[in-house]
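One structure below.
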Number of protein chains: 2
Amino acid sequence: MSPGRPRARRGEGAALRDEILTAARDLLAETGSEEAVSVRAVADRVGVSTPAIYLHFADKDALLAEVCNQVFAALDAAMEAAAASAEDPMDSLRQRGLAYVQFAVANPEHYRLVMMRRPIDVESIGPSDAMLAEGAFAHLLAAIRRCQEAGLIRADEEPFGLGLVLWAAAHGIASLLIAKPGLPWEHAGDVITRTIDSIGCGLMLTSLYPDYQGALSSLSSSAPPAKQAAER
Amino acid sequence: MSPGRPRARRGEGAALRDEILTAARDLLAETGSEEAVSVRAVADRVGVSTPAIYLHFADKDALLAEVCNQVFAALDAAMEAAAASAEDPMDSLRQRGLAYVQFAVANPEHYRLVMMRRPIDVESIGPSDAMLAEGAFAHLLAAIRRCQEAGLIRADEEPFGLGLVLWAAAHGIASLLIAKPGLPWEHAGDVITRTIDSIGCGLMLTSLYPDYQGALSSLSSSAPPAKQAAER
DNA sequence: TGTACATCAGTGAACGCGCGTTCACTGATGTAC
DNA sequence: TGTACATCAGTGAACGCGCGTTCACTGATGTAC
């Protein structure tokens with residue numbers, strides 16, 4: 001910190017705030033460890049003394065909360081970009097799922113921060129109201145509604161419930177990839193597409209056919225001879 | 001620690017080891033926070049001085065590793081018990097999934113410890129070799145094979161890949177419930193069964209019908225009029 | 001145009017805290033002779 | 001049967017560390033008169 005960075009001009013103190021947030025994000029990415037993101041480490045990386053952080057954030061939690069908001073925004077942007085190239089409403093859900101997992105794998109410690117942490121405030125914390133109200137989840141719900149309007153999912157289904165199902169499915173793969181990198185993920189791509197296909201087509205089936213068991217077994221009567229293959 | 005617990009007899013020092021493990025598990029459950037499980041806190045709860053822990057465990061990591069093993073064993077036991085009452089091989093998978101999520105919700109901090117932690121050792125750690133070799137995952141693979149033998153899933157599918165899909169699906173719900181308790185989970189049960197049904201029947205469909213898209217649309221031609229419902 | 005002064009954007013040093021771990025020790029228990 | 005002694009199962013005090021946060025301060029920047 002010997003030479004240090006130049007002191008900001010009168011009205012430009014807020015510029016440091018952005019640098020602090022960027023430093024925190026970079027530290028997460030480079031160290032791959034939330035513990036490495038201490039107030040001291042962030043200040044050091046910016047080239048500023050430790051107490052300077054407190055000129056811009058009330059405390060460490062406030063700093064991390066703002067990082068969370070930025071990560072959620074980036075996740076949303078990634079999913080929207082992927083969905084833009086979708087061919088139809090159902091493919092839009094699929095592309096979102098793929099983009100979700102890819103984002104998590106590309107930014108594991110960021111993902112861990114926003115989706116795998118113990119909630120600080122057990123009561124009040126929805127999953128960051130911003131995410132629900134205008135973020136990635138809201139966009140997912142809109143995509144589900146478009147599927148309903150296209151007749152691909154029953155219109156009397158509650159989009160919120162379906163959204164949770166899809167979110168949980170994508171989150172399952174993403175967080176398992178992050179928490180258990182030692183698993184033999186050679187065919188991780190297969191697991192992802194397989195899950196998405198299963199969930200997607202299972203969703204359509206159970207949604208279009210309340211009696212999906214019957215539909216399935218009527219299909220099974222003309223199914224390929226899986227049993228014989230098993231008996232080889 | 002003033003009166004303390006009686007000192008163990010000559011050959012009985014190992015009894016303290018079990019008490020330490022139990023104390024660590026109880027602390028996790030009661031505080032709901034891994035940070036609360038310090039070597040000091042564990043020793044205090046057992047009624048023993050802090051260095052006494054080191055007579056039975058090389059360091060804190062070794063202690064936590066043993067707790068992990070116990071939690072994995074308990075998870076396996078819960079799933080096996082649930083599967084015992086299954087009606088058929090497919091229902092066995094379903095019961096395992098339900099039991100998995102129930103275990104996680106009932107023991108959130110234990111689940112977090114074994115399934116949501118950053119891996120200590122990035123390289124060597126498989127997901128605890130014990131789990132893969134003889135634990136819950138191995139039992140899941142066996143259950144999948146029984147489905148294949150019954151002709152419910154194609155025999156030429158790789159059970160390991162399907163196992164990952166199912167594990168990820170259950171883990172998705174479990175870890176989302178734990179990490180985001182603030183979400184409106186009023187119908188958590190619906191999300192669970194909905195996911196299990198979707199995955200299960202999607203798995204059967206995509207597995208029995210490589211051309212599941214065709215099968216789905218042939219079904220769709222005789223589908224209930226979802227489109228009209230959407231147009232009301 | 002010059003100067004006193006308020007304010008803004010920081011700094012350096014220190015606070016108390018809890019942590020994992022180590023060290024030198026103690027005292028009861030059992031065993032060898 | 002008695003006693004010296006090795007060992008086992010611990011204890012008490014202390015180590016250094018990094019953490020979040022606070023306090024009193026400094027010095028450049030702009031403004032009022």
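Proteins get letters first, then strands, A, B, ... in listed order; numbering begins at 1 in each.
- With sequence neighbours excluded, the residues forming a ring-ring contact (aromatic ring centres under 6.0 Å, His included) with A:Tyr100 are A:Tyr111, A:Trp167, listed by chain and number.
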Revision key, fill the gap. Base-pair string, DNA chain D, Watson-Crick plus G-U, cut-off 3.5 Å on both distances, | for inter-strand, is .||||||||||||||||||||||||||||||||
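- A:Gly172 approaches B:His171 most closely through the heavy-atom pair O-CD2, 3.5 Å.
- Distance CZ (A:Arg17) to P (C:dC8): 18 Å, rounded to an integer number of Å.
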What's touching nucleotides 19-22 of chain C from the protein side, N or O pairs under 3.5 Å?
residue	atom	partner	partner atom	Å
C:dC19	OP1	B:Ser38	OG	3.2
C:dG20	OP1	B:Lys60	NZ	2.8
C:dG20	OP2	B:Val39	N	3.0
C:dG20	N7	B:Arg40	NH1	2.4
C:dG20	O6	B:Arg40	NH2	2.8
C:dT21	OP2	B:Tyr54	OH	2.8
C:dT21	OP2	B:Lys60	N	3.1
C:dT21	O5'	B:Tyr54	OH	3.4

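- Listed by chain and residue number, A:Glu34 satisfy the salt bridge (Lys or Arg N to Asp or Glu O under 4.0 Å) test with A:Arg117 (two or more places apart in sequence, or in another chain).
- If you take CG of B:Leu55 and P of D:dG12, they are 14 Å apart, rounded to a whole angstrom.
- Rounded to an integer number of Å, the gap from CD1 of A:Ile53 to C1' of C:dT11 is 13 Å.
- For A:Asp91, the side-chain contact (heavy atoms from CB on, under 4.5 Å) partners two or more places apart in sequence, or in a different chain, are A:Ala86, A:Glu87, A:Asp88, A:Arg94, A:Gln95.
- Scanning for salt bridge (Lys or Arg N to Asp or Glu O under 4.0 Å) contacts around B:Glu80 gives B:Arg96, with sequence neighbours left out.
- Residues satisfying the side-chain contact (heavy atoms from CB on, under 4.5 Å) criterion with A:Glu35, sequence neighbours excluded, are A:Ser33, B:Arg118.
- Taking the salt bridge (Lys or Arg N to Asp or Glu O under 4.0 Å) definition, one finds that B:Glu158 meets it with nothing, sequence neighbours left out.
- B:Thr22 is linked by a side chain to side chain donor-acceptor pair (under 3.5 Å) to B:Arg25, counting only residues two or more places apart in sequence or in another chain.
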